[in-house]
Amino acid sequence: VQEFKVQTNNFSAEFGQSSGVVINATIRAGTNEFHGALFEFQRNDKLDANNFFANAAGGSKGMYRQNQFGGALGGRIQRSRTFFFGDYEGTRRRTESGSSISNVPPAAFRSGDFSLYSQPIYDFNARRIGPTGAVVSTPYANNRIPNSQMNPTAVAIVGLVPLPNYGLPNAESRNYFVQLPRRRTEDRGDVRIDHLISSRNSFFSRFSMANETQPSPGRFGAGQWIGGGSTSINNSRHFVLSDVHVFSPAAVNEFRLGYVRYNPTSFGTGPDGLAFAQQHNFALFPFPDRGFPSFSFPYAGIQQGAEQFSGFGGSASTLSIENRFQAADNLNITRGSHTLKFGADLRRLRFERLTGGYGTLYFGSIFTSSSDRPGAGAPFADFLLGFPAALEGSQMLDWGREREIISGSYFQDDWKATRNLTLNLGIRYDLFTQPVDARDRGALWDMDRGIFQIPGQDGFSRAIVDGDHNNFAPRA
């Protein structure tokens, strides 16, 4: 960046569509001379101390390695006519400074042996209506679920969950410790070309890119999709073309084309469990983006409340891609004490998004309980039997494909009325078209008729709602 300007208030009419701040940045351009630079920054864990939890678990000091490196180079392609400038910066961060303690089922529980559990586990096959009209049952002998009653898919799923490695023997909580490696990779750079077409016309183009990848291991560490986690990317591409034409010393025109692509997607581990689900006949939610769901173990069998064990399963993905196209033209004219500026810009937005996860199955103390024994049963016992208390699936049924057009035009007059007084006067008009879906997905509830109104039907526009087209903004 060669220079930048930040405006937080009193914007001129040239700037619109922002209520907080306007930032203008200029990328450095090449010259007739060749200039370059290289840099490197390094940080190493050799100077760090161990953290408390790693010490308590007898673990070694976690790794922390960070390298930031890059360079820049600029110069001429054709003397006094065509120039280039490019820069690159990379960041590599590798750490094991984070740690996590989870609650996982003890080995005995996984085989159906709840003999050390504080509450009785009741036989769901023995459930019946008791004398008071409530459902009662008979506990399993020795609090052990027979292998014949355990769901084979549930047994296969729990086989993916690591065994306890921390705390007291047979502990039911705070019994799994993992030191989580974390990686972060960033690459960013710019390339700019400037060309002097004539003494009255100049042109430049710029391409910028930024890639950021950050895996977040789940509760069981890297490579364990059953523990959740995600890989987040934050990638962007920018492309600009600009042409400046000098009609006269008092009249200058600038035309710009711009394109931005932004991808802030988070990939969950749900899709990594697809092969496992097919192998073990596990039914998945029929979403557009299919993946293995997650499991939760609240005692009450609902979303809120205390849980017997930490949840596990596939984690959710959020898929997003944004494309913006822009064309703008600005004309500066100087007439005596007046500096006039006219301009217009047109923007097109395309935003695709799919979110909502792969579903959640909730297991509570329901089917292994008995109404005549408060607190009986266990969520994990219900899981082994294959009886969820509730299912939740909220993924969008199709990609959201938002489309929107925004245009603006303005007039600005910077009038130097006297030696000590300059008036900055202007007016701007912005047209915000109502967002629509490219495939007219979605609907709005019509309270008058008691129906869902579909876009583009029954006299309604594709946006359904009316737009606001009186966005005039005087500036002084």
Side-chain angles (χ1 to χ4, degrees), residues 100-127 134-164 167 170-176 218-220 226-228 273 280 282-283 285 292-316 357-393:
S100 172
I101 298 178
S102 303
N103 310 324
V104 299
F109 284 16
R110 303 173 188 223
S111 63
D113 182 0
F114 289 83
S115 58
L116 297 180
Y117 189 58
S118 59
Q119 295 291 339
I121 305 299
Y122 283 81
D123 186 351
F124 76 95
N125 281 328
R127 290 166 68 85
V135 176
V136 297
S137 187
T138 302
Y140 286 109
N142 300 319
N143 236 24
R144 296 173 184 263
I145 301 175
N147 290 338
S148 60
Q149 291 190 14
M150 290 198 295
N151 185 286
T153 301
V155 173
I157 292 171
V158 80
L160 299 174
V161 178
L163 289 166
N170 300 316
E172 298 178 18
S173 62
R174 297 182 60 81
N175 57 3
Y176 185 81
R219 65 173 72 253
F220 304 137
I226 195 68
H280 295 278
F282 184 82
F285 286 90
F292 201 86
S294 61
F295 304 98
S296 183
F297 304 95
Y299 288 98
I302 56 176
Q303 298 179 22
Q304 295 82 18
E307 297 187 352
Q308 183 182 17
F309 297 115
S310 303
F312 52 79
S315 56
Y358 304 108
T360 303
L361 280 70
Y362 297 92
F363 295 87
S365 300
I366 308 297
F367 295 95
T368 56
S369 66
S370 181
S371 63
D372 57 355
R373 177 62 186 267
F380 188 69
D382 280 33
F383 171 79
L384 290 177
L385 296 173
F387 295 144
L391 293 84
E392 178 187 55

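Atom-to-atom distance recorded for I226:CD1 and F292:CZ is 5.0 Å, nearest 0.5 angstrom. The CD1 atom of I157 sits 10.5 Å away from atom CG of L384, with the distance rounded to the nearest 0.5 Å. Here E392 contributes atom CD and S294 contributes atom OG; the two are 8.5 Å apart, rounded to the nearest 0.5 Å. Rounded to the nearest 0.5 Å, atoms OG1 (T153) and CZ (F282) are 8.0 Å apart. Taking OH from Y122 and CG from N143, the interatomic distance works out to 9.0 Å, rounded to the nearest 0.5 Å. We find the CG-CG distance between L391 and L361 to be 4.0 Å, quoted to the nearest 0.5 Å.
When all heavy atoms of A378 and T368 are compared, the pair lying nearest together is N-OG1, 3.2 Å. A pairwise comparison of heavy atoms in P146 and Y140 identifies CD-CE2, 3.5 Å as the closest pair. Smallest separation of non-hydrogen atoms from E307 and Y299: C-CE1, 3.7 Å. Among all heavy-atom pairs drawn from G359 and F285, the shortest one is CA-CE1, 3.7 Å. For P379 against S365, the heavy-atom pair with the smallest separation is CD-OG, 3.1 Å. Nearest heavy atoms, S371 versus A134: OG-CB, 3.3 Å.
The ring pair (Phe, Tyr, Trp, His ring centres under 6.0 Å) check on F297 picks up F312, F383, with sequence neighbours excluded. Shown here are the ring pair (Phe, Tyr, Trp, His ring centres under 6.0 Å) partners of F109, two or more places apart in sequence or in another chain: F114, Y117.
Judged as a side-chain hydrogen bond (donor to acceptor under 3.5 Å, both in side chains), the pairs with a partner in residues 102-113 (not counting sequence neighbours) are, in order, S102-R219, D113-S115, D113-R144.
N175 places a side-chain N or O within 3.5 Å of a backbone atom of V104 that can act as its donor or acceptor partner. Under a 3.5 Å cut-off, the side chain of N151 and the backbone N or O of D382 do not form any donor-acceptor pair. A donor-acceptor pair under 3.5 Å links the side-chain atoms of S137 to the main chain of D123, judged by distance alone.
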Practice prompt. Could you walk me through whether V161 and Y176 pass side chain to side chain contact (heavy atoms under 4.5 Å, CB included), step by step?
Written response: CA-CA 11 Å; V161 178; Y176 185 81; over 6 Å; no
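Contact annotation: the side chain of F363 never approaches that of Q308 to less than 4.5 Å [non-hydrogen atoms, C-beta and beyond]. Looking at H280 and P152, their side chains never come closer than 4.5 Å, going by heavy atoms from C-beta outward.
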